[in-house]
2 protein chains.
Amino acid sequence: MTRVLIVEDNRDLAYGLRNNLEIEGYDVDVAGDGAEGLGRAKATRPDLVVLDLMLPKMDGFRVLRALRDDGLTMPVLVLTARGEESDKVRGLKLGADDYLTKPFGLLELLARVEALLRRAGPRAAAETIGELEIDRSTRSVMRSGSAVELAPKEYDLLIALADRNGAVVSRLELMRQVWGYSDAVITRTIDTHVAELRRKLERDPAQPRHILTVRKVGYRLKR
Amino acid sequence: MTRVLIVEDNRDLAYGLRNNLEIEGYDVDVAGDGAEGLGRAKATRPDLVVLDLMLPKMDGFRVLRALRDDGLTMPVLVLTARGEESDKVRGLKLGADDYLTKPFGLLELLARVEALLRRAGPRAAAETIGELEIDRSTRSVMRSGSAVELAPKEYDLLIALADRNGAVVSRLELMRQVWGYSDAVITRTIDTHVAELRRKLERDPAQPRHILTVRKVGYRLKR
DNA sequence: ACGCTCCTGACACGTTCCTGACATTTCGCT
DNA sequence: AGCGAAATGTCAGGAACGTGTCAGGAGCGT
């Protein structure tokens, strides 16, 4: 499923956008300020970012620059207040892909999101990680050619790891992304699910080659 | 350039559509009532017509019939108000190619326009999904050669799944596309209709081979 | 009035998920 | 090198959840 991150401090607007994007079938994440937006973008690597320029903590320009400096290349659709031409110029230099001036029509936003994603190229039908194949359009996973049945949580967990491109994902991040909690981790929930994933995906679950433990931090998915 | 004619009396909607179709690269013409629409269609012979049913001067049905009587065979996408089931049947008999129930998502309209134009080449070709055959021009479905009678909702549901080319369609998307609601799903409506579809389309409804459940998300139509 | 379609809520069933207890491994420290 | 504490692996039971199924009833067109 295509994932969109909205970075917008106006709660009503953010909520409205999320609703409508979700109806269109996107998987939507929302951040309420610039710092949080940058963090979530780096963590979850969405397919597209809708970025307001006026933001608390860290304004849109800095977020955009930080994103690009981090090597993230997903399209960014910038929301700008009316008539701030100079913003456009400045933003374009920093690597925004499209602009929308407030107030804007919802249909226009949806059309632009769609256009940007199309221009960015259709997402690969199936990504390959070692001997694993993940097809997000059907939420199905194969190991060296044969289908593997994953429970919803297991699939979500795998995706959370796969999205990080081999980097470590902390327990806290997993809790937030997969479980939607923000609490610290005290139970064995994550470990249990990792174990189950290993049982299903690894040749030798005792000697995992893909889902690796990073002690005191979390897990990572080696490609 | 591909030319699209919009026949719609609601100016806001018409302009919104025109804007977005133009962004997509179409050459768009707009007519504000039925008589004007018929005239422009005959004069300019667009590649596709988007036709509202409720129109001043001459309603959509009469426009459609007049078009077909005149030997014009371009695909026609009909816009119909919610819950006017009989309109669908009536329109289909007159030669419409696809339906969209208001309120509809813009992306859905764009997708259907593209789909219709793509199909316009090999015209009236029935699509084949496994042992199923769907003929949209007659809203009829066959399973391994013999006709299957589907209720309107069942057919719409099948189409919504078929349009996604094997990918998962979430419950929310189904609610929106087939039922025109945008609310969260709490009742068993979707499941019941899926069950009925399976009963009619699957050899063994208990072990569906085409209409698959994707737990916690929705359903998908395997080809 | 009849039949068809559609929606709804109740129930059944299997799956999934979480939790806490216990086992094992890892690593810092002496 | 050995010890102990902390972190992780493993397991099983029960609760919670999601879906399949059904029957009843409302709505609509014939």
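Because only heavy atoms are used, hydrogens play no part in the values below, and waters and symmetry mates are left out as well, while side chains stay in.
To the nearest 0.5 Å, atoms CG (A:D29) and CZ (A:R176) are separated by 8.5 Å. Here the CZ atom belonging to A:R198 is positioned 14.0 Å from the NE2 atom belonging to A:H193, to the nearest 0.5 angstrom.
Between the B:E202 side chain and the B:R209 main chain, a donor and an acceptor come within less than 3.5 Å of each other. Without hydrogens or angle criteria, A:K222 side chain to A:L212 main chain gives no donor-acceptor distance under 3.5 Å.
Between B:E36 and B:K57 there is no salt bridge, since no side-chain nitrogen of the basic residue lies less than 4.0 Å from a carboxylate oxygen of the acidic one.
We find that CD of A:E154 is positioned 7 Å from P of C:dT16, with the value rounded to whole Å. Atoms NZ (A:K216) and P (D:dA7) sit 5 Å apart, rounded to a whole Å. Remark: P of D:dA6 and CZ of A:R171 are 16 Å apart, rounded to the nearest angstrom. Separating the CD1 atom of A:I186 from the P atom of C:dC18 is a distance of 13 Å, rounded to the nearest angstrom. Going from atom CZ of A:R198 over to atom P of D:dT10 covers 7 Å, rounded to whole Å. A:H193 has its NE2 atom 7 Å from the C1' atom of C:dC18, to the nearest Å. Rounded to whole angstrom, the span from the CG atom of A:D156 across to the C1' atom of D:dC17 amounts to 15 Å. C:dC18 atom C1' lies 14 Å from atom CG of A:L157, rounded to whole Å.
Inter-residue side-chain proximity for B:V178 and B:K153 is flagged as met; some heavy-atom pair is nearer than 4.5 Å. In this structure, the side chains of B:L38 and B:M58 come closer than 4.5 Å at one or more pairs of heavy atoms. The side-chain heavy atoms of B:R164 and B:Q177, taken from C-beta on, include a pair separated by under 4.5 Å.
The phosphate of C:dC6 has neither OP1 nor OP2 within less than 4.0 Å of any side-chain N or O from B:Y155. Dashed line: the shortest gap from a side-chain N or O of B:W179 to OP1 or OP2 of C:dC7 is under 4.0 Å.
In this structure, a donor-acceptor pair under 3.5 Å is present between the side chains of A:D191 and A:Y219.
Of the candidates C:dC17, D:dG20, C:dT5, C:dT5 carries the atom nearest the B:P152 side chain, counting heavy atoms from C-beta on. Of the candidate nucleotides D:dT8, D:dT19, D:dC11, D:dT8 has the atom nearest to the side chain of A:Y219.
From one end of the helix from C:dA1-D:dT30 to C:dT30-D:dA1 to the other, with five pairs defining each end axis, the axis direction shifts by 30° (rounded to 10°).
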Query - Under 4.0 Å protein heavy-atom contacts per nucleotide of nucleotides 19-30 of chain C, with B for base, S for backbone only and - for none - result: BBB---BBS---
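Summary of the strand contacts: B:G218 and B:R199 both lie near DNA chain D, and taking for each the nucleotide with the nearest heavy atom, the more 5' one is attributed to B:G218.
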